[in-house]
Each structure stands twice: as C-alpha cells, then as structure tokens.
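Sequence lines set the chain letters: A, B, ... in the order given, protein chains first and strands last, and positions in each chain run from 1.
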Number of protein chains: 2
Amino acid sequence: MTDINFSKSAGDPDSKGAEGASPAPRAGELRWDIIELLFFAYRDFVGDADHELEVFGFGRAHHRVMHFVHRYPGLKVADLLDVLRITKQSLGRVLKQLLDEGYIVQKTGNNDRRQRLLYATPKGEALVGKLAGLQTDRITRALGGIDPAGVAAIGQFLRAMIDRDDPDKVLEAIFGTSGKKT
Amino acid sequence: MTDINFSKSAGDPDSKGAEGASPAPRAGELRWDIIELLFFAYRDFVGDADHELEVFGFGRAHHRVMHFVHRYPGLKVADLLDVLRITKQSLGRVLKQLLDEGYIVQKTGNNDRRQRLLYATPKGEALVGKLAGLQTDRITRALGGIDPAGVAAIGQFLRAMIDRDDPDKVLEAIFGTSGKKT
DNA sequence: AAATTTATGTCAGTCATATTGACATATCTT
DNA sequence: AAGATATGTCAATATGACTGACATAAATTT
C-alpha cells in the first residue's frame with residue numbers, strides 16, 4: 001500500500017462551509033506542502049524495500065515484523081500486535097511464514113511460560129539488515145548538506161508527529177526514560 | 001496501509017544470537033532511528049484521516065484521489081495513475097464511487113475530448129479540507145518550537161527523500177520551475 | 001478515408017493484507 | 001478449583017491492489 005492517508009487531526013472548526021460551498025478551511029493555514037511531501041517521501045522510502053522483499057516472496061507485513069523483532073529482541077506477540085496495530089489473525093500468517101522459513105525463532109518466556117518471545121535468526125538479521133541498508137542510503141542522501149541543527153530539527157519534528165497517548169512497548173523504548181534518538 | 005516497510009540494516013551487533021552468519025552490514029551506520037520515526041510518524045499521521053474517512057464509508061484510496069484532484073484541478077485520469085502508482089482498475093472503483101456520490105466531477109478536455117479532467121465539487125472540497133485540517137493540526141503541533149531554519153531543514157529533508165528520476169505531473173509542480181513548498 | 005494510437009472504462013479472476021468472532025490450549029493468578 | 005491471560009487457529013469477509021483482455025471514442029498518422 002502506498003499509504004497516503006493524509007491525516008485528520010482535530011477539529012477543523014471551519015472546514016467545509018468556509019466561503020460559498022467550498023470549505024476552504026483555514027485557507028492559508030493548511031500545510032498542503034508538508035502533507036504532500038510526507039506522502040511522496042514515505043511512498044519512495046518504503047518503495048526501496050518493496051522490490052527487495054519481492055525477491056524473498058515477502059510483503060511489507062513481513063518487513064515490519066522482522067524489523068521490530070530484530071530491533072527489540074524478545075518482543076512478545078502481544079507487543080508486536082500493539083506496535084503494528086493489526087489483529088492477531090493478520091499477524092499470525094505472516095509470523096508463521098517467518099518462523100517456518102527460519103527468519104525468526106520463538107523462545108518460551110522464563111517467567112511466564114505462556115509467552116513466546118521472538119528473536120531474529122542470523123538469516124532474519126541478514127534480511128532486515130539489507131533492507132535497512134537500502135533505506136539508510138536514502139536517508140543519508142537526504143540528510144546530506146543539512147547541518148547538525150537541521151538534523152536535530154528533523155528528529156524533533158518526526159518525534160512530535162507521533163501520538164504519545166498510549167505508547168506501546170517500542171515507543172516507550174524510544175521516548176521513555178531512555179529518550180535518545182534525535 | 002500502515003506501511004512500514006523499513007529497510008534493512010543489518011547487523012545489530014549484539015541482538016539475539018546472531019553473531020555467526022548474520023551480515024551485520026555497515027554496523028554503526030544504519031539509521032534505525034530515522035527509519036523507525038518515519039514509520040510511527042506516518043502511521044499516526046495517516047491514522048488521523050482514517051477515522052474520519054470511516055464516517056463517509058471511504059478508505060485511504062478515496063482520500064488520495066480526493067487530495068490530488070483537489071490540489072491539482074483538471075488532473076487527468078492518466079496523471080492520477082502516475083501519481084498514485086496504481087492500476088487503472090484499482091483507481092476505477094474508487095473514482096467511480098467518488099463520482100457517483102458527487103465528490104468529484106469530470107469535464108471533457110477542451111483540446112482533447114478523450115480526456116476526462118477531474119475536479120473536486122464543493123462537497124469534495126469539504127471532505128478534503130476537513131481531512132487536511134486534521135493533519136495540519138498535527139503538523140503545526142509538531143513544528144511548534146522549531147525555528148525557521150529547522151523548518152526549512154525539515155522541508156529540505158522530505159524533498160530529498162523523494163525520487164526525482166521520473167517525476168509525474170504533480171512532482172513536476174512541486175519541484176519544477178515553481179519549486180516552492182519548503 | 002482508413003488505419004493506428006491514445007485516453008478512458010470495464011470485465012473476470014487473483015492476491016495480500018486486513019478485519020471480526022468464535023474457540024482451544026497452556027499457563028499464570030486468585 | 002476457578003478465572004484470567006497469552007497465544008494459536010478456524011471460518012468468513014472486506015479493501016485495495018494486481019494482470020490481462022477487451023471495448024469505445026477521439027485524435028493522429030498514413
């Protein structure tokens with residue numbers, strides 16, 4: 001999916017009825033520029049990985065799972081569901097494939113034996129690493145020529161775009177006590 | 001789609017037990033931070049619109065179409081296909097719904113009567129405006145506290161993340177002679 | 001004028017990813 | 001023992017995407 005889904009946000013007081021029938025909501029205020037740039041930037045960003053994934057017979061869903069399992073070793077299935085915001089059934093098929101094909105392994109939790117902690121295998125790491133390399137190339141290229149202060153602003157902006165209401169385990173790691181990551 | 005599609009990266013030196021076969025490509029260089037922030041930022045950004053779209057019985061595809069038709073009045077069907085990077089068949093159903101329900105109208109081209117130029121109706125403008133308002137709220141909030149130079153850096157970064165190889169009509173408008181939109 | 005190309009629309013069949021709801025099992029908590 | 005939790009799985013469905021084939025109208029070329 002090339003997801004565009006621009007956003008919504010809140011309430012747009014005036015929106016539609018603005019002048020005549022056309023809403024022209026907050027005329028000059030809407031950030032059409034950023035909205036569009038985010039769409040195209042994200043489209044091309046995820047596009048990098050898509051081609052590579054085809055080679056493995058995987059889709060974006062597999063990438064998402066591999067990414068988080070790799071980054072947060074020992075993630076539980078429930079954590080993954082929170083992060084990806086999909087249902088158990090949707091995750092099930094993808095996760096099963098990754099397990100069957102040896103990209104991920106499960107280990108029973110030490111404290112709670114009902115839990116299946118997920119870990120990437122070397123094979124899984126290789127895949128995730130390859131995909132991150134492609135995306136990193138694009139990011140590095142895009143950051144070229146931007147000074148440290150600018151890079152910091154970019155990080156600040158991206159973080160501020162994320163909902164903090166009910167952070168999942170991964171977001172807690174990103175924003176939590178260890179709030180690093182520009 | 002909550003598209004994540006990260007990329008690859010590799011190595012995570014320590015992760016689970018990967019040592020061994022894992023590629024660990026360019027270990028310290030991978031931008032896991034930006035990769036992840038882009039995922040979450042985009043997920044929440046598009047999430048804003050999703051809820052609102054449900055009210056109308058529409059999906060993200062409808063939003064994308066409405067957005068570009070609104071922003072670039074008179075866009076041809078072929079242009080839309082280039083921008084959205086989907087097939088005629090996929091666009092067909094969505095576009096037909098929007099036409100049937102009065103969010104968009106078609107006008108035969110003046111020069112070329114085969115063309116169906118697309119325009120948003122006031123009703124369509126209202127919807128797009130509402131969605132853009134929600135997303136703009138998030139963007140404005142995220143940009144708060146960032147100085148002009150930082151905002152410029154963000155725009156520069158997002159633009160640089162976009163492929164420029166074969167720009168479609170919309171990208172030409174964004175980057176072309178009238179390259180504005182920070 | 002006839003042939004070809006272009007712009008659009010549409011039909012049929014398929015796929016990937018997602019959904020909800022119902023259950024089953026193992027394990028932890030009370 | 002009873003109940004709650006973590007996970008897995010089955011069935012049925014929806015959306016948005018795909019390929020390929022074909023039809024029509026209008027423009028362009030020959």
- Would you indicate which nucleotide in dT17(C), dC18(D), dT8(C) comes nearest to any side-chain atom of Ala61(A)? dT17(C)

- Message: Counting only side-chain heavy atoms from C-beta out, which of dA27(D), dC18(D), dG9(C) sits nearest to Ser90(B)?
- Response: dC18(D)

Atom [atom1] of [X] to atom [atom2] of [N]: distance rounded to whole Å?
{"X": "Gln106(B)", "N": "dG9(C)", "atom1": "CD", "atom2": "C1'", "value": "10 Å"}
{"X": "Lys76(A)", "N": "dA26(C)", "atom1": "NZ", "atom2": "P", "value": "20 Å"}
{"X": "Gln97(B)", "N": "dT15(D)", "atom1": "CD", "atom2": "P", "value": "8 Å"}
{"X": "Leu117(A)", "N": "dA6(D)", "atom1": "CG", "atom2": "P", "value": "12 Å"}
{"X": "His62(A)", "N": "dA18(C)", "atom1": "NE2", "atom2": "C1'", "value": "13 Å"}
{"X": "Ile86(B)", "N": "dA17(D)", "atom1": "CD1", "atom2": "P", "value": "5 Å"}
{"X": "Leu91(A)", "N": "dT9(D)", "atom1": "CG", "atom2": "P", "value": "11 Å"}

- Message: Taking donor-acceptor contacts at under 3.5 Å, does the side chain of Arg114(B) reach the base of dT6(C)?
- Response: yes

- Polar pair under 3.5 Å, donor/acceptor by atom type, side chain Gln115(A), base dT27(C): no

- Message: Whether Arg85(A) and Asp44(B) form a salt bridge (side-chain N of Lys/Arg under 4.0 Å from carboxylate O of Asp/Glu) is what I want to check.
- Response: yes

- Could you tell me whether Asp100(A) and Lys96(A) have a side-chain N and a carboxylate O separated by less than 4.0 Å? yes

- Task: Using the closest heavy atom to pick a nucleotide of DNA chain C for each, name whichever of Gln89(A) or Gly109(A) lands nearer the 5' end.
- Result: Gln89(A)

- Message: Using heavy-atom distances to pick each residue's nearest nucleotide on DNA chain C, tell me which of Val94(A) and Asn111(A) is more 5'.
- Response: Val94(A)

- Do Arg138(A) and Asp163(B) pass the salt bridge (charged side-chain N to carboxylate O under 4.0 Å, His left out) test, and can you show the C-alpha distance, the side-chain angles, and the key distance before you say yes or no? CA-CA 9 Å; Arg138(A) 179 180 295 271; Asp163(B) 285 333; 3.0 Å; yes

- Message: Applying a 4.0 Å non-hydrogen cut-off, can you work out what Lys88(B) is touching in the nucleic acid: base, sugar-phosphate, or nothing?
- Response: base

- Message: How close do Thr108(B) and Arg113(B) get, counting heavy atoms only, and between which atoms?
- Response: CG2-O, 3.2 Å

- Query: What are the two closest heavy atoms between Asp168(A) and Leu171(A), and how far apart are they?
  - Reply: OD1-N, 2.8 Å

